[in-house]
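Here is the structure we will look at.
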Amino acid sequence: TRLVNDTYHLIHDGDTQTLKLACLNAKEHLQESINSLRGTILFSATLEPLPYFQAFLTGDTGKVLRVDSPFDSSQVFSGVMNGIDVRYQTRAQSIEPISSVIQALQKTGKNTIVFAPSYSFIDQLKPHLPEQVILQTKDLSLEERDQIIQRFKDEQGMLGVFVVGGVFAEGV
(Lines give C-alpha, C1' and ligand atoms only; values in the text may rest on other atoms or scores of the structure.)
Protein backbone atom coordinates (compact mmCIF):
# COMPACT_ATOMS: atom_id res chain seq x y z
CA THR A 1 0.00 0.00 0.00
CA ARG A 2 1.32 3.44 -0.90
CA LEU A 3 -0.24 6.61 0.51
CA VAL A 4 -0.82 9.14 -2.26
CA ASN A 5 -2.37 11.80 0.00
CA ASP A 6 -5.00 12.05 2.73
CA THR A 7 -7.73 11.40 0.19
CA TYR A 8 -6.35 8.53 -1.92
CA HIS A 9 -4.45 5.32 -1.42
CA LEU A 10 -2.87 3.30 -4.17
CA ILE A 11 -3.08 -0.37 -3.29
CA HIS A 12 -0.90 -2.88 -5.10
CA ASP A 13 -1.61 -6.59 -4.82
CA GLY A 14 1.66 -8.31 -5.65
CA ASP A 15 0.02 -11.73 -6.04
CA THR A 16 -2.43 -10.70 -8.78
CA GLN A 17 -0.48 -7.64 -9.98
CA THR A 18 -3.60 -5.54 -9.42
CA LEU A 19 -3.38 -1.81 -8.80
CA LYS A 20 -6.37 -0.20 -7.11
CA LEU A 21 -7.02 3.48 -6.42
CA ALA A 22 -9.20 3.88 -3.31
CA CYS A 23 -10.86 7.17 -2.39
CA LEU A 24 -10.81 7.40 1.41
CA ASN A 25 -12.45 10.80 1.71
CA ALA A 26 -14.76 12.06 -1.05
CA LYS A 27 -15.55 15.33 0.75
CA GLU A 28 -13.82 17.62 -1.75
CA HIS A 29 -15.37 15.88 -4.74
CA LEU A 30 -18.82 15.94 -3.19
CA GLN A 31 -18.60 19.59 -2.21
CA GLU A 32 -17.40 20.53 -5.71
CA SER A 33 -20.32 18.67 -7.30
CA ILE A 34 -22.87 20.01 -4.82
CA ASN A 35 -21.60 23.59 -5.23
CA SER A 36 -21.89 23.36 -9.02
CA LEU A 37 -25.61 22.50 -8.83
CA ARG A 38 -28.63 24.70 -8.23
CA GLY A 39 -29.91 22.31 -5.59
CA THR A 40 -29.17 18.94 -4.05
CA ILE A 41 -31.30 16.54 -2.06
CA LEU A 42 -29.45 14.00 0.06
CA PHE A 43 -31.34 11.38 1.98
CA SER A 44 -30.48 8.38 4.06
CA ALA A 45 -31.39 6.85 7.36
CA THR A 46 -27.71 7.02 8.28
CA LEU A 47 -26.95 10.74 7.91
CA GLU A 48 -26.69 11.22 11.65
CA PRO A 49 -25.73 13.46 13.30
CA LEU A 50 -27.18 15.88 10.76
CA PRO A 51 -24.96 18.90 11.64
CA TYR A 52 -21.83 16.83 11.07
CA PHE A 53 -22.95 15.56 7.67
CA GLN A 54 -24.17 18.98 6.63
CA ALA A 55 -20.74 20.42 7.42
CA PHE A 56 -18.98 17.46 5.80
CA LEU A 57 -21.02 17.35 2.60
CA THR A 58 -21.90 20.98 1.98
CA GLY A 59 -19.55 23.06 4.12
CA ASP A 60 -22.53 24.18 6.27
CA THR A 61 -24.43 25.64 3.34
CA GLY A 62 -28.04 24.90 2.58
CA LYS A 63 -30.94 23.80 4.73
CA VAL A 64 -31.55 20.58 6.61
CA LEU A 65 -34.99 19.05 6.78
CA ARG A 66 -35.72 16.04 8.94
CA VAL A 67 -38.75 14.05 7.78
CA ASP A 68 -40.46 11.37 9.83
CA SER A 69 -40.67 7.88 8.39
CA PRO A 70 -43.68 7.34 6.12
CA PHE A 71 -44.13 3.87 7.63
CA ASP A 72 -46.58 3.18 10.41
CA SER A 73 -44.53 2.29 13.48
CA SER A 74 -47.01 -0.46 14.37
CA GLN A 75 -45.83 -2.33 11.26
CA VAL A 76 -42.21 -2.36 12.30
CA PHE A 77 -40.52 -4.53 14.89
CA SER A 78 -36.90 -3.87 15.59
CA GLY A 79 -35.24 -6.08 18.14
CA VAL A 80 -31.85 -6.53 19.71
CA MET A 81 -30.60 -9.95 20.71
CA ASN A 82 -28.06 -9.86 23.49
CA GLY A 83 -25.44 -12.57 23.72
CA ILE A 84 -25.02 -13.15 19.98
CA ASP A 85 -21.74 -11.93 18.61
CA VAL A 86 -21.50 -11.41 14.84
CA ARG A 87 -17.97 -10.08 14.82
CA TYR A 88 -15.96 -11.79 12.10
CA GLN A 89 -13.98 -14.00 14.50
CA THR A 90 -17.08 -15.39 16.25
CA ARG A 91 -19.67 -15.52 13.46
CA ALA A 92 -19.64 -19.30 13.14
CA GLN A 93 -20.98 -19.66 16.70
CA SER A 94 -23.85 -17.27 15.95
CA ILE A 95 -25.28 -19.20 12.96
CA GLU A 96 -27.46 -21.57 14.97
CA PRO A 97 -29.10 -19.05 17.34
CA ILE A 98 -29.67 -16.54 14.54
CA SER A 99 -31.19 -19.13 12.20
CA SER A 100 -33.51 -20.25 15.03
CA VAL A 101 -34.75 -16.69 15.49
CA ILE A 102 -35.21 -16.22 11.74
CA GLN A 103 -37.27 -19.41 11.53
CA ALA A 104 -39.42 -18.26 14.46
CA LEU A 105 -39.98 -14.89 12.78
CA GLN A 106 -41.07 -16.60 9.58
CA LYS A 107 -43.73 -18.53 11.47
CA THR A 108 -45.51 -15.24 12.26
CA GLY A 109 -46.77 -15.16 8.66
CA LYS A 110 -45.63 -11.55 8.31
CA ASN A 111 -43.08 -10.19 5.89
CA THR A 112 -39.70 -10.29 7.56
CA ILE A 113 -36.36 -8.82 6.57
CA VAL A 114 -33.18 -9.77 8.38
CA PHE A 115 -29.95 -7.88 7.74
CA ALA A 116 -26.67 -9.75 7.80
CA PRO A 117 -23.18 -8.26 8.10
CA SER A 118 -21.88 -9.73 4.80
CA TYR A 119 -22.61 -11.95 1.80
CA SER A 120 -20.32 -14.54 3.31
CA PHE A 121 -22.45 -14.60 6.46
CA ILE A 122 -25.58 -15.08 4.34
CA ASP A 123 -23.85 -18.04 2.66
CA GLN A 124 -23.12 -19.52 6.10
CA LEU A 125 -26.75 -19.02 7.18
CA LYS A 126 -28.27 -20.46 4.00
CA PRO A 127 -28.17 -24.18 4.93
CA HIS A 128 -30.01 -23.38 8.18
CA LEU A 129 -32.85 -21.38 6.61
CA PRO A 130 -36.16 -22.37 5.03
CA GLU A 131 -36.02 -23.07 1.29
CA GLN A 132 -38.40 -20.23 0.38
CA VAL A 133 -36.16 -17.53 1.86
CA ILE A 134 -34.96 -14.77 -0.49
CA LEU A 135 -31.23 -14.20 -0.14
CA GLN A 136 -29.44 -11.15 -1.49
CA THR A 137 -26.55 -12.05 -3.76
CA LYS A 138 -23.63 -9.97 -4.99
CA ASP A 139 -24.73 -10.24 -8.61
CA LEU A 140 -28.38 -9.24 -8.09
CA SER A 141 -29.69 -7.47 -11.21
CA LEU A 142 -32.00 -4.44 -11.14
CA GLU A 143 -34.78 -6.63 -12.53
CA GLU A 144 -34.31 -9.20 -9.76
CA ARG A 145 -34.25 -6.43 -7.15
CA ASP A 146 -37.52 -5.01 -8.49
CA GLN A 147 -39.10 -8.49 -8.48
CA ILE A 148 -38.14 -8.98 -4.84
CA ILE A 149 -39.59 -5.61 -3.88
CA GLN A 150 -42.79 -6.41 -5.74
CA ARG A 151 -43.11 -9.76 -3.96
CA PHE A 152 -42.79 -8.02 -0.59
CA LYS A 153 -45.59 -5.66 -1.67
CA ASP A 154 -47.89 -8.37 -3.04
CA GLU A 155 -47.33 -11.36 -0.77
CA GLN A 156 -47.45 -12.12 2.95
CA GLY A 157 -45.06 -14.32 4.88
CA MET A 158 -42.05 -13.28 2.80
CA LEU A 159 -38.63 -13.77 4.38
CA GLY A 160 -35.60 -11.94 3.06
CA VAL A 161 -32.02 -11.97 4.29
CA PHE A 162 -30.13 -8.98 2.95
CA VAL A 163 -26.76 -7.30 3.50
CA VAL A 164 -26.42 -4.31 5.84
CA GLY A 165 -25.50 -1.33 3.70
CA GLY A 166 -26.70 -3.03 0.52
CA VAL A 167 -29.44 -1.92 -1.84
CA PHE A 168 -32.26 -3.24 0.37
CA ALA A 169 -30.86 -1.56 3.48
CA GLU A 170 -29.97 1.78 1.92
CA GLY A 171 -31.25 2.16 -1.61
CA VAL A 172 -34.85 1.02 -1.43
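Not measured: the values here are computed from a predicted model. Reckoned from all heavy atoms, side chains included, excluding hydrogens, waters and symmetry mates.
With sequence neighbours left out, the side-chain hydrogen bond (donor to acceptor under 3.5 Å, both in side chains) criterion links Q156 to no other residue. Partners of D154 under the side chain to side chain contact (heavy atoms under 4.5 Å, CB included) rule, at least two apart in sequence or in another chain, are Q150. Residues forming a side-chain hydrogen bond (donor to acceptor under 3.5 Å, both in side chains) with Q17 (at least two apart in sequence, or on another chain): H12. Residues passing the side-chain hydrogen bond (donor to acceptor under 3.5 Å, both in side chains) test with T137, sequence neighbours excluded: D139. For E144, the side-chain hydrogen bond (donor to acceptor under 3.5 Å, both in side chains) partners at least two apart in sequence or on another chain are S141. Legend: residues meeting side chain to side chain contact (heavy atoms under 4.5 Å, CB included) with K20, ordered by chain and number and at least two apart, are I11. Listed by chain and residue number, nothing satisfies the side chain to side chain contact (heavy atoms under 4.5 Å, CB included) test with S36 (two or more places apart in sequence, or in another chain). For F121, there are no ring pair (Phe, Tyr, Trp, His ring centres under 6.0 Å) partners two or more places apart in sequence or in a different chain.
Using a 4.5 Å cut-off on side-chain heavy atoms (C-beta onward), I148 and R151 make no contact. The shortest side-chain heavy-atom distance between L140 and F168 falls under the 4.5 Å cut-off. Looking at V133 and L125, their side chains never come closer than 4.5 Å, going by heavy atoms from C-beta outward. The closest side-chain heavy-atom distance from F162 to V167 is not below 4.5 Å.
Between the CD1 atom of I134 and the CG atom of L129 there is a distance of 12.5 Å, given to the nearest 0.5 Å.
Connection of F53 to L37 is not established within any shared hydrophobic cluster, with ILVMFWY side chains joined at heavy-atom distances below 4.5 Å, either directly or through further cluster members. Hydrophobic clustering (side-chain heavy atoms under 4.5 Å, transitive across Ile, Leu, Val, Met, Phe, Trp, Tyr) groups V101 together with V86.
Residue pairs meeting the side chain to side chain donor-acceptor pair (under 3.5 Å) criterion with at least one member in residues 94-104: none, sequence neighbours excluded. Sequence neighbours left out, the pairs with a member in residues 117-132 that pass side chain to side chain donor-acceptor pair (under 3.5 Å) are R91-S118, Y119-Q136.
A pairwise comparison of heavy atoms in D85 and R87 identifies OD2-NH2, 2.6 Å as the closest pair.
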Distance-only check: which donor-acceptor pairs under 3.5 Å involve side-chain atoms of residues 107-115, not counting sequence neighbours?
from, atom 1, to, atom 2, distance (Å)
T108, OG1, L105, O, 2.7
T108, OG1, K110, N, 3.2
N111, OD1, G157, N, 3.1
N111, OD1, M158, N, 2.8
N111, ND2, F152, O, 2.9
N111, ND2, E155, O, 3.1
T112, OG1, K110, O, 3.2

